[in-house]
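Single-structure report; data block below.
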Protein chains: 2
Amino acid sequence: MTNLLDSTRERILAAAEELFARTGVATTSLRAITALARVNLAAVNYHFGSKDGLVEAVYRRRLEPLNRARLSNLEKVEAAAGGAPPALEDVMEAFIVPVVKLGQDPAQGGPTVMRLLGQTHTEAAGYFRTYFAGEYREVLERYQDVLARILPDLPPEQIKNRLAFLVGAMTYPIAERQLLELLTGEEVCRQDIDTMMKQLVPFAVAGFRAPPVSSRRKRASSTRKKSSSTRSRQ
Amino acid sequence: MTNLLDSTRERILAAAEELFARTGVATTSLRAITALARVNLAAVNYHFGSKDGLVEAVYRRRLEPLNRARLSNLEKVEAAAGGAPPALEDVMEAFIVPVVKLGQDPAQGGPTVMRLLGQTHTEAAGYFRTYFAGEYREVLERYQDVLARILPDLPPEQIKNRLAFLVGAMTYPIAERQLLELLTGEEVCRQDIDTMMKQLVPFAVAGFRAPPVSSRRKRASSTRKKSSSTRSRQ
DNA sequence: TCCCGTTTCAAACAAGCGTTTAATTGTACG
DNA sequence: CGTACAATTAAACGCTTGTTTGAAACGGGA
């Protein structure tokens with residue numbers, strides 16, 4: 001049967017993860033993967049059936065623990081709060097911190113896997129849709145429910161939107177770390193992603209606490225006076 | 001010389017934009033593009049030199065006006081404020097609204113181009129790095145300077161980080177609209193992207209106004225050991 | 001030892017890719 | 001008209017892609 005270390009299978013997964021994270025799924029050939037893994041080309045089809053099967057395996061290995069951690073973190077936060085709505089900041093951390101830990105722990109993939117996750121919602125969107133949408137949806141719905149209790153004045157669809165903002169704010173800097181370097185100078189990159197993700201917590205907390213956007217009137221007064229310009233053309 | 005309507009060139013651009021937005025650059029073949037444009041295969045290399053040249057042309061056509069609008073919007077906001085720091089909300093709108101307008105105006109590309117832009121920072125990152133990094137960087141630096149004046153207590157690197165959060169929060173829902181549908185139900189998609197982007201403004205305003213994260217004291221690490229005390233703020 | 005299922009291997013496969021060629025058509029101008 | 005240049009076309013180029021094949025090597029149980 002399969003060895004516990006299963007060198008071939010594991011090395012294919014590691015090499016594929018590395019290359020997928022670096023240059024994307026579509027542009028990574030099986031030959032590049034098997035060369036890096038120092039394994040025969042046919043081994044991929046033998047162990048994973050197809051390239052698609054390999055892609056699914058690569059992502060599943062990382063996404064499942066991540067989603068499990070997010071759910072269990074949320075349960076803990078709720079349990080600690082008793083029956084009352086938990087603190088918004090705790091909920092944000094329950095969602096964000098598992099990603100930070102993923103990036104910190106080489107056994108879970110380390111920095112490489114962060115870039116891999118960043119591609120989940122773009123390059124690998126097809127596979128994601130096919131294989132993981134259900135599980136991820138469950139996670140988001142759970143968080144949405146809790147957030148609705150914390151922010152009873154915020155309409156459900158605005159909660160959903162802000163959750164999407166949060167996912168984007170988390171995903172983009174992870175995926176585009178090196179691009180960010182070009183765009184904003186080196187300082188963003190000299191600090192590690194962990195620091196950045198921790199700074200995301202107060203940003204998201206404040207964003208969620210922003211007053212609801214009233215649907216009939218275009219804008220209600222924000223937290224501060226807003227004078228000056230009428231809305232000018234583009 | 002080139003015709004003003006230049007049917008061949010324009011139809012290649014339109015078809016490529018459509019397919020790039022739908023399935024990405026790497027997985028879109030020149031044959032698929034020319035078939036959709038009902039144009040000969042060799043026309044791409046004749047008019048654009050290579051596939052890379054086509055990719056650059058497709059993105060340049062949309063990115064240049066977008067960045068120009070963001071810069072001129074910012075100038076207007078600053079001019080309207082006189083010498084004083086402009087309102088944060090105006091600055092956020094100056095950054096976000098051009099994207100909304102892009103999605104509303106079919107002449108500028110409409111919804112298709114929104115998905116295209118969503119891929120800018122992932123799939124097309126290579127081309128982006130090569131051709132557009134400089135221009136985009138200039139835009140971000142200008143905004144960063146203005147934000148530094150509005151939020152003097154926020155360290156520059158945290159401004160950069162929050163700008164990255166903003167870009168992500170804007171990019172992701174645009175790029176992954178259909179994925180969002182699967183994840184959070186249909187409501188997110190029944191409303192249009194424009195509404196969503198407008199809701200992003202107060203979210204981002206509040207996020208930027210969040211107090212700076214002090215660098216020396218680091219938060220207790222995990223969700224496990226943490227009192228769920230409400231953080232006083234706002 | 002032999003056997004048998006599992007795993008590895010080199011080689012080849014058809015299909016699709018971006019690009020190039022050389023010939024043809026279209027079109028404006030002297 | 002005829003010439004010159006721009007644009008289009010069908011066909012082919014060489015190369016890479018994911019996948020399959022059939023044989024070789026491995027590794028414990030009888």
Side-chain angles (χ1 to χ4, degrees), chain A residues 1-61 116 119 123-128 130-131, chain B residues 1-60 119 123-128 130-131:
Chain A
M1 266 306 206
T2 57
N3 189 353
L4 283 182
L5 310 172
D6 197 5
S7 73
T8 297
R9 224 188 112 97
E10 289 305 316
R11 277 161 60 195
I12 290 175
L13 281 175
E17 181 173 275
E18 169 70 30
L19 293 178
F20 289 168
R22 197 186 302 166
T23 55
V25 172
T27 60
T28 298
S29 69
L30 294 188
R31 284 169 175 82
I33 295 171
T34 53
L36 178 61
R38 275 173 308 158
V39 153
N40 188 273
L41 169 63
V44 171
N45 288 274
Y46 177 79
H47 284 283
F48 300 96
S50 65
K51 186 185 181 182
D52 277 16
L54 172 61
V55 175
E56 184 195 348
V58 166
Y59 275 95
R60 167 150 280 138
R61 182 165 70 133
L116 188 75
Q119 297 192 329
E123 240 248 291
Y127 308 93
F128 192 79
T130 307
Y131 301 120
Chain B
M1 260 308 203
T2 56
N3 188 353
L4 284 182
L5 310 172
D6 197 4
S7 71
T8 297
R9 222 189 113 97
E10 289 306 315
R11 278 161 61 194
I12 291 175
L13 281 175
E17 181 173 276
E18 168 71 29
L19 293 178
F20 288 167
R22 198 186 301 165
T23 55
V25 171
T27 61
T28 299
S29 69
L30 294 187
R31 284 168 175 83
I33 294 171
T34 53
L36 178 61
R38 276 172 309 161
V39 152
N40 186 273
L41 169 62
V44 171
N45 288 274
Y46 177 79
H47 285 282
F48 300 95
S50 64
K51 186 184 182 182
D52 277 16
L54 172 62
V55 175
E56 183 195 347
V58 166
Y59 275 96
R60 167 150 280 137
Q119 296 194 331
E123 240 249 290
Y127 308 93
F128 192 80
T130 306
Y131 301 119

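Chain letters run A, B, ... following the sequence lines, proteins first and then strands; every chain starts at 1.
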Checklist entry - Excluding sequence neighbours, so at least two apart, what forms side-chain hydrogen bond (donor to acceptor under 3.5 Å, both in side chains) with B:D52? => result B:Y127

Checklist entry - When you check every protein heavy atom under 4.0 Å of nucleotides 17-22 of chain D, what one-letter string (B, S, -) results, 5' to 3'? => result BBBBB-

Next on the checklist: Applying side-chain hydrogen bond (donor to acceptor under 3.5 Å, both in side chains), can you list everything that pairs with A:E56, at least two apart in sequence or on another chain?
Outcome noted: A:R60

Item to check | Under the side-chain hydrogen bond (donor to acceptor under 3.5 Å, both in side chains) test, residues paired with B:T23 that sit two or more places apart | outcome: B:T28

Next on the checklist: Taking 4.0 Å as the cut-off, does a side-chain nitrogen or oxygen of B:H47 come that near to OP1 or OP2 on D:dA6?
Outcome noted: no

Please tabulate, one pair per line, all N/O donor-acceptor pairs under 3.5 Å involving side-chain atoms of residues 33-40 of chain A, not counting sequence neighbours.
from: A:T34; atom 1: OG1; to: A:L30; atom 2: O; distance (Å): 2.9
from: A:T34; atom 1: OG1; to: A:R31; atom 2: O; distance (Å): 3.2
from: A:N40; atom 1: OD1; to: A:A42; atom 2: N; distance (Å): 2.9

Next on the checklist: Tell me every residue that passes salt bridge (Lys or Arg N to Asp or Glu O under 4.0 Å) with A:E18, counting only those two or more places apart in sequence or in another chain.
Outcome noted: A:R22

